Protein chains: 2
Amino acid sequence: MKLEILAKTDGRNLQKTIISKIRDHINLKNLEPGDKLPSERMLSEKFGVTRSNVRDAIQKLEFYGLLESKPQSGTFVANIGVIAMNGMIDDILRLEEPGFKSLVETRILLELKTVRLAALRRTDEDLKTMKEALEAYNQKVIAGEDAVQEDLLFHLAIAKASRNSTMNNFMLLITPKIITNFEKYHVCDKNLANQGIEEHIAIYEAIKSQDPKLAKQKMKDHFNVLYQYCYNIKKSS
Amino acid sequence: MKLEILAKTDGRNLQKTIISKIRDHINLKNLEPGDKLPSERMLSEKFGVTRSNVRDAIQKLEFYGLLESKPQSGTFVANIGVIAMNGMIDDILRLEEPGFKSLVETRILLELKTVRLAALRRTDEDLKTMKEALEAYNQKVIAGEDAVQEDLLFHLAIAKASRNSTMNNFMLLITPKIITNFEKYHVCDKNLANQGIEEHIAIYEAIKSQDPKLAKQKMKDHFNVLYQYCYNIKKSS
DNA sequence: CCTTTTAAATTGGTTAGCCAGTTTTAACAG
DNA sequence: CTGTTAAAACTGGCTAACCAATTTAAAAGG
């Protein structure tokens, strides 16, 4: 077990090492936006690692918009100067795994915004999707079954109706992680789920009547109950 | 040029096709959390694509927390039921590339929160980092040079001081894309940069004196100027 | 029939080599 | 010396073979 963890952190540290070496190279050679990096083969030889490792590191930096790979041509420094490049790579390297608290804070922030935007921008089709998710949730709760999935889908339907693909994407990223934590700490019990029905309906109605302020307030109420309960669980565990 | 775009969309569509086929398989076989997917080899044969393509698709679903690959063992359905799985994959497939407006909206939302959290949680070290970024910015502006990078680093320093790794990560993700758009539309002119000095100082002082409300207000002021200018640019272009 | 042991098959990950474009170099004509 | 052309070298992506760990099957022992 220990070894498995070590292996994983080893892989992580290897990637971080390669990323920092790429940064060093950029600094040493004073590469500016648009300049070409050495080929993956040369970098892998220079760093004493496999080409796959280099590719993975480059892919990560591409994901953060710092590099850009062009097929059959090369990898290029993105339209970002060396100063910002250094600062950002530094931040990326020091970025730690998000804890539960971090995820919850971000979720609340995002949802209080998406619900507002959804109230302003929702189409009739969005409304239909939300209503379906809402009714699926209610049905499960009334039947006394677990409704975590349906709850998730209702909230994601709101995110989609917000018509902001960045926030929608972020919601898709963090929600599953939160759900996993919820189930781990056994949040979302039956009685809480019953209360959730009314709260969801209130949110839905506010979005339907295109009242952003009310929608935000109802979402706030929803979270208040949920996370008060949640933090109690956390403290007692 | 047309062909290049076609090739890219082809690759994208291929991955989306594979992802939807994986979803279909999960539905058809009624796979539940913890169940094992067929091996990458079998899936690649079944779908008539290369193993690399299957791996990439699985990696993406892993990124969104829907699958989990264990070395020398197999790929497993994450702790998420079929209903949520279907909904999420559907959302992921329909997710569109974020536009400029989407990015700006999200940035404002995130920064109004991170600046508040930074005021509450900043350590003395955070404060030092922010001050350094601030002074680097001022120096460049006073010298009449472009200070986009230094501006970026100041805002990222705030994100780091917020002590929320999820928001910090999100900021790192969207900021470069916004910067690119800024430079494309030639936002951030000299006169605007001069005004930026005072606004940055006001934000910094509010964080220093641990006044979250004031910090948020000063950030709001900062954005007001910036994006009023920005939207004018957009409209005229 | 059940438990233990062992060997064969299967797995995700890794590696070396191949491919189709791109880029650089060199050859050559004017 | 310059502009054009062709060919050689280089590039990121892709393919197939390989690897070590794991899982399954079967064989052995009780």
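Order of the sequence lines fixes the chain letters, A, B, ..., with proteins taken first and strands second; residue numbering starts at 1 for each chain. For clarity, every value in this text was computed on a predicted model and none was experimentally measured.
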> Is the closest basic N to carboxylate O distance between A/Arg163 and A/Asp126 below 4.0 Å?
Replying inline: yes
>> Can you tell me if A/Thr50 touches the phosphate of C/dT15, counting only side-chain N or O atoms and a distance under 4.0 Å to OP1 or OP2?
In response: yes
> According to the interplanar angle, ranging from 0 to 90°, do the rings of A/Phe170 and B/Phe170 count as parallel (below 30°), tilted (30 to 60°) or perpendicular (above 60°)?
Replying inline: parallel
> Taking B/Pro98 as the fixed residue, which of A/Asn164, A/Asn169, A/Thr166 is the one that meets the side chain to side chain contact (heavy atoms under 4.5 Å, CB included) rule?
Replying inline: A/Thr166
>> Between A/Asp56 and A/Phe76, which residue's closest nucleotide on DNA chain C lies nearer the 5′ terminus?
In response: A/Asp56
>> Rounded to whole Å, please give me the gap between CG in A/Leu67 and P in D/dG13.
In response: 12 Å
>> Output the rounded distance in Å from CG (A/Asn53) to P (C/dA16).
In response: 11 Å
>> From CG of A/Asp35 over to P of C/dT23, roughly how many Å is that when rounded to an integer?
In response: 15 Å
Table of protein N/O atoms under 3.5 Å from nucleotides 9-11 of chain C N/O atoms:
unit_1 : atom_1 : unit_2  : atom_2 : d
C/dT11 : OP2    : B/Ser39 : OG     : 3.3

> Between C/dG12 atom P and B/Ile58 atom CD1, what is the distance in whole Å?
Replying inline: 7 Å
> How is A/Ser52 classified with respect to the nucleic acid when contacts are heavy atoms under 4.0 Å: base, sugar-phosphate, or nothing?
Replying inline: base
>> Please confirm whether the shortest side-chain N or O distance from B/Arg55 to OP1 or OP2 of C/dG13 is below 4.0 Å.
In response: yes
> When the distance from CZ of A/Arg51 to P of C/dC19 is rounded to whole Å, what number comes out?
Replying inline: 15 Å
>> Parallel, tilted or perpendicular, judged at 30° and 60°: which one describes the rings of B/His155 and B/His222?
In response: parallel
>> Evaluate A/Asp91 against B/Asn168 for side-chain hydrogen bond (donor to acceptor under 3.5 Å, both in side chains), listing each step before the verdict.
In response: CA-CA 9 Å; A/Asp91 282 357; B/Asn168 193 4; 5.6 Å; no
> Would B/Lys16 and B/Ile92 satisfy side-chain contact (heavy atoms from CB on, under 4.5 Å), going step by step from the backbone distance to the final call?
Replying inline: CA-CA 9 Å; B/Lys16 288 193 173 185; B/Ile92 291 169; over 6 Å; no
